[in-house]
Asker: 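I have a structure I would like to understand better, so I am pasting it below and will then ask my questions one at a time.
Here is how names work: the chains are called A, B, and so on, in the same order as the sequence lines, proteins then strands, and each is numbered from 1.
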Amino acid sequence: MEAIALVDGNNFYASCEQSINPSLRGKPLVVLSNNDGCIIARSSEARALRIKMGVPYFKVKEKLKKEKVVVLSSNYSLYGDMSRRLMNLLTKYCEQIEIYSIDEAFISINRPHDNNLYPWAREIRTSIYQKLGINITVGIGSNKLRSKLANRLAKKINTSSGIFDLEKINNEDEYLRKIKIENIWGIGYQTSKWLQSKGIKNAKELKEMNQYEIKKKLGIVGERIQLELKGYKCLPIEKVKKSKKEIRVSRSFGKPITKLEDLKQALSIYTITAAEKMRLQNLQASTVTIFTRTSHYSNSSYQKSAHKILIESTNNTIYLLKIVLELSKDIYHPDYKLAKAGVIMQDLTPYNYSQKSITNYPLKGKSERERDLIKTIDFINKRFKSEKITWGITVKKGSWKMNRNLLSGISTTNISRIPTIII
DNA sequence: TCTGGGGTCCTAGGACCC
DNA sequence: TCTGGGGTCCTAGGACCC
């Protein structure tokens, strides 16, 4: 019998920070989103202090200070590197793996003769902890949704030691009743509000709800959730990584923007990053969209996007910059304080599969020279692990640039930032 | 005066995830 | 003063076709 396990890293970002800096172990610690905006990860010690997920930093700054909580800006190169190591280790313990997010993977595994997967799960947990210093949770079920629920139960039940098999219990309903409706995978804010208004409060009640009512209101998405809850398999394990459908780079500004010049600079920087990402994944785009908006929390709201469909797919930074700079005039508005902007590369295709333009733009010789130039820039930047070479427009100081004042400064991907140990 | 039916494709927007 | 970023999927409705 095949089973599905959902493995995830506990408090992943916080655990990464504690893992590379052991002096943080056992201390309350939170990690902030970009711009030092919200709390996006908490160590278990910080959870115990009832610090909530997602709250704006400025609202709890004083409380954190008082409680002596360590506060860090997010360090994505560290988390990405730890994630890669985690996934590599997991691969050794399974037949098939789907990497679902930076800290989660679905694993399909055959049950042994005695049906007991606990020894297998314990072995993985031990191995990951020894090698990475990170605790993981293993939830086991007959399909993806049930493995997610099992994972939740493993975290909820103190005696589980991080492992729970939903198919090895005989009072399932009792456990399903412990899972609140809004904590089921796929049930978000809107849907849980509706379900609650219908008197459905937990997973057990959702499982027994009238299926036609679900289908009518929630469509196929809701129907699948209920079927999986009952044990049917609707969501397959995706063995091969699907190629991306869009690549997006967007940021909130450290300070609002009112000048077109600043908007152009920001969008240029995002375009350079987006084009790099495409080249790294061997993709090219044939639609470019840019957008900007005011803050969600401001009284006068404005948002606008503009897009251009290209005759020929590309990942050429020089060409993309031209397009984005041209489009930026269409979304700019002098009367609003712009809080965020971004670029989206869409209709992505593999780089070699290209529809050539009959009008032959960009001109042949020129485009080849440009391609060589960009290749060289990518090479140099990769070699020296930073943007040694970039476009002039990015260099000028922009007061709008992101705040990241609390970086841990330690890294597993940058030799000069590896911690020094003095004995 | 009465004004079809069946289909496809595209897009914008909503909802969700981590 | 200060509220993240990057994705996917689904649906409804409009435009268009014969």
Asker: Once you round it to whole Å, what is the distance between C1' of C/dG5 and CZ of A/Phe12?
Answerer: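 Taking CZ of A/Phe12 and C1' of C/dG5, I get 17 Å after rounding.
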
Asker: Atom CE of A/Met53 and atom P of B/dC18: how far apart are they, to the nearest Å?
Answerer: 10 Å

Asker: Do A/Asn10 and A/Thr137 have side-chain N/O donor and acceptor atoms under 3.5 Å apart?
Answerer: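 Yes, A/Thr137 and A/Asn10 have a side-chain donor paired with an acceptor closer than 3.5 Å.
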
Asker: Side chains of A/Asp103 and A/Ser101 only: does a donor on one sit below 3.5 Å from an acceptor on the other?
Answerer: yes

Asker: To the nearest Å, how far apart are A/Glu98 CD and B/dC17 P?
Answerer: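 A/Glu98 atom CD is separated from B/dC17 atom P by 16 Å.
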
Asker: Between C/dG7, B/dC16, C/dG5, which nucleotide has the shortest distance from any of its atoms to the side chain of A/Asn34?
Answerer: C/dG5

Asker: What is the nucleic acid contact for A/Glu104, judged by heavy atoms within less than 4.0 Å: base, sugar-phosphate only, or nothing?
Answerer: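 Since only primed, P, OP1 and OP2 atoms lie under 4.0 Å of A/Glu104, the category is sugar-phosphate.
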
Asker: By the salt bridge (charged side-chain N to carboxylate O under 4.0 Å, His left out) test, which pairs, at least two apart or in different chains, include something from residues 179-208 of chain A?
Answerer: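 Output for this query lists A/Glu172-A/Lys207, A/Asp173-A/Lys207, A/Lys198-A/Glu213, A/Lys201-A/Glu205, A/Lys204-A/Glu208.
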
Asker: If you restrict it to nitrogen or oxygen atoms, what contacts under 3.5 Å exist between nucleotides 10-13 of chain C and the protein, and what is each distance?
Answerer:
residue: C/dC10; atom: OP1; partner: A/Arg224; partner atom: NH2; Å: 2.4
residue: C/dT11; atom: OP1; partner: A/Ile220; partner atom: N; Å: 3.4

Asker: Categorize A/Ile102 for me: base, sugar-phosphate, or nothing, with a 4.0 angstrom heavy-atom threshold over every strand shown.
Answerer: nothing

Asker: What nucleic acid atoms does A/Lys255 come within less than 4.0 Å of, heavy atoms only: base, sugar-phosphate, or nothing?
Answerer: nothing

Asker: Quick one: label A/Lys148 by what it contacts on the DNA or RNA (base, sugar-phosphate, nothing), any heavy atom closer than 4.0 Å.
Answerer: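 The residue A/Lys148 makes sugar-phosphate contact but no base contact.
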
Asker: Could you tell me how far apart A/Ile39 (CD1) and C/dG5 (P) are, to the nearest whole angstrom?
Answerer: 16 Å

Asker: What contact category does A/Lys244 fall into here, base, sugar-phosphate, or nothing, at under 4.0 angstrom with non-hydrogen atoms?
Answerer: sugar-phosphate

Asker: Ignoring hydrogens and angles, state whether a donor on the side chain of A/Arg122 or A/Ser161 is under 3.5 Å from an acceptor on the partner side chain.
Answerer: no

Asker: Do the side chain of A/Ser192 and the main chain of A/Ile181 share a donor and acceptor less than 3.5 angstrom apart?
Answerer: no

Asker: For A/Glu167 and A/Gly141, indicate whether the former's side chain and the latter's backbone hold a donor-acceptor pair under 3.5 Å.
Answerer: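 Checking the backbone N and O of A/Gly141 against the side chain of A/Glu167, no donor-acceptor pair under 3.5 Å is found.
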
Asker: A/Gln281 side chain to A/Lys244 main-chain N or O, any donor-acceptor pair under 3.5 Å?
Answerer: no

Asker: Below 3.5 Å is the cut-off: list the nitrogen or oxygen pairs between protein and nucleotides 1-3 of chain C, distance only.
Answerer:
residue: C/dT3; atom: O2; partner: A/Tyr297; partner atom: OH; Å: 3.1

Asker: Would you list the pairs meeting side-chain hydrogen bond (donor to acceptor under 3.5 Å, both in side chains) in which at least one residue belongs to residues 40-65 of chain A, sequence neighbours left out?
Answerer: A/Asn11-A/Arg47, A/Ser43-A/Glu45

Asker: Output every pair passing salt bridge (charged side-chain N to carboxylate O under 4.0 Å, His left out) with a member in residues 87-101 of chain A, not counting sequence neighbours, ordered by first then second residue.
Answerer: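 Listed once each, the pairs are A/Glu98-A/Lys144.
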
Asker: What is the nucleic acid contact for A/Ile247, judged by heavy atoms within less than 4.0 Å: base, sugar-phosphate only, or nothing?
Answerer: sugar-phosphate

Asker: Between C/dT8, C/dC9, C/dG6, which nucleotide gets closest to the side-chain atoms of A/Glu246?
Answerer: C/dT8

Asker: How many whole angstroms separate atom CG of A/Asn11 from atom C1' of B/dC18?
Answerer: 14 Å

Asker: Determine the contact category for A/Val249: base if any of its heavy atoms lies under 4.0 Å from a base atom, sugar-phosphate if only primed atoms, P, OP1 or OP2 are that close, otherwise nothing.
Answerer: sugar-phosphate

Asker: Output the rounded distance in Å from CD1 (A/Ile181) to C1' (B/dC16).
Answerer: 15 Å

Asker: Taking side chain as C-beta onward, heavy atoms only, is A/Gln284 less than 4.5 Å from A/Thr314?
Answerer: no

Asker: Counting only side-chain N and O atoms of A/Ser250, is one of them less than 4.0 Å from OP1 or OP2 of C/dG6?
Answerer: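 Yes, A/Ser250 has a side-chain N/O under 4.0 Å of OP1/OP2 on C/dG6.
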
Asker: Under 4.0 Å between a side-chain N/O of A/Arg251 and OP1 or OP2 of C/dG6, yes or no?
Answerer: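 Answer is yes, contact under 4.0 Å.
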
Asker: In dot-bracket form, 5' to 3', how is DNA chain B paired? Count Watson-Crick and G-U wobble pairs only if both distances fall under 3.5 Å, and write | where the partner sits on another strand.
Answerer: ....||||||||||||||

Asker: Flag yes if more than 12 heavy atoms outside A/Lys168 fall under 6.0 Å of its NZ atom; otherwise flag no.
Answerer: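 It does: A/Lys168 NZ has more than 12 such atoms within range.
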
Asker: With a 3.5 Å cut-off and no angle check, do the side chains of A/Ser73 and A/Asn75 form a donor-acceptor pair?
Answerer: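 Looking only at side-chain atoms, A/Asn75 and A/Ser73 do not form any donor-acceptor pair under 3.5 Å.
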
Asker: Is the OH atom of A/Tyr232 crowded by more than 12 outside heavy atoms at less than 6.0 Å?
Answerer: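 No, because the 6.0 Å sphere around OH of A/Tyr232 holds 12 heavy atoms or fewer from other groups.
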
Asker: Using whole Å, report how far CG of A/Leu145 lies from P of B/dC18.
Answerer: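 Taking CG of A/Leu145 and P of B/dC18, I get 11 Å after rounding.
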
Asker: Distance between the P atoms of B/dT3 and C/dC18, in whole angstroms?
Answerer: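 Their P atoms lie roughly 24 Å apart.
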
Asker: In whole Å, what is the span from the CZ atom of A/Arg248 to the C1' atom of B/dC17?
Answerer: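 Distance check: A/Arg248 CZ to B/dC17 C1' gives 14 Å.
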
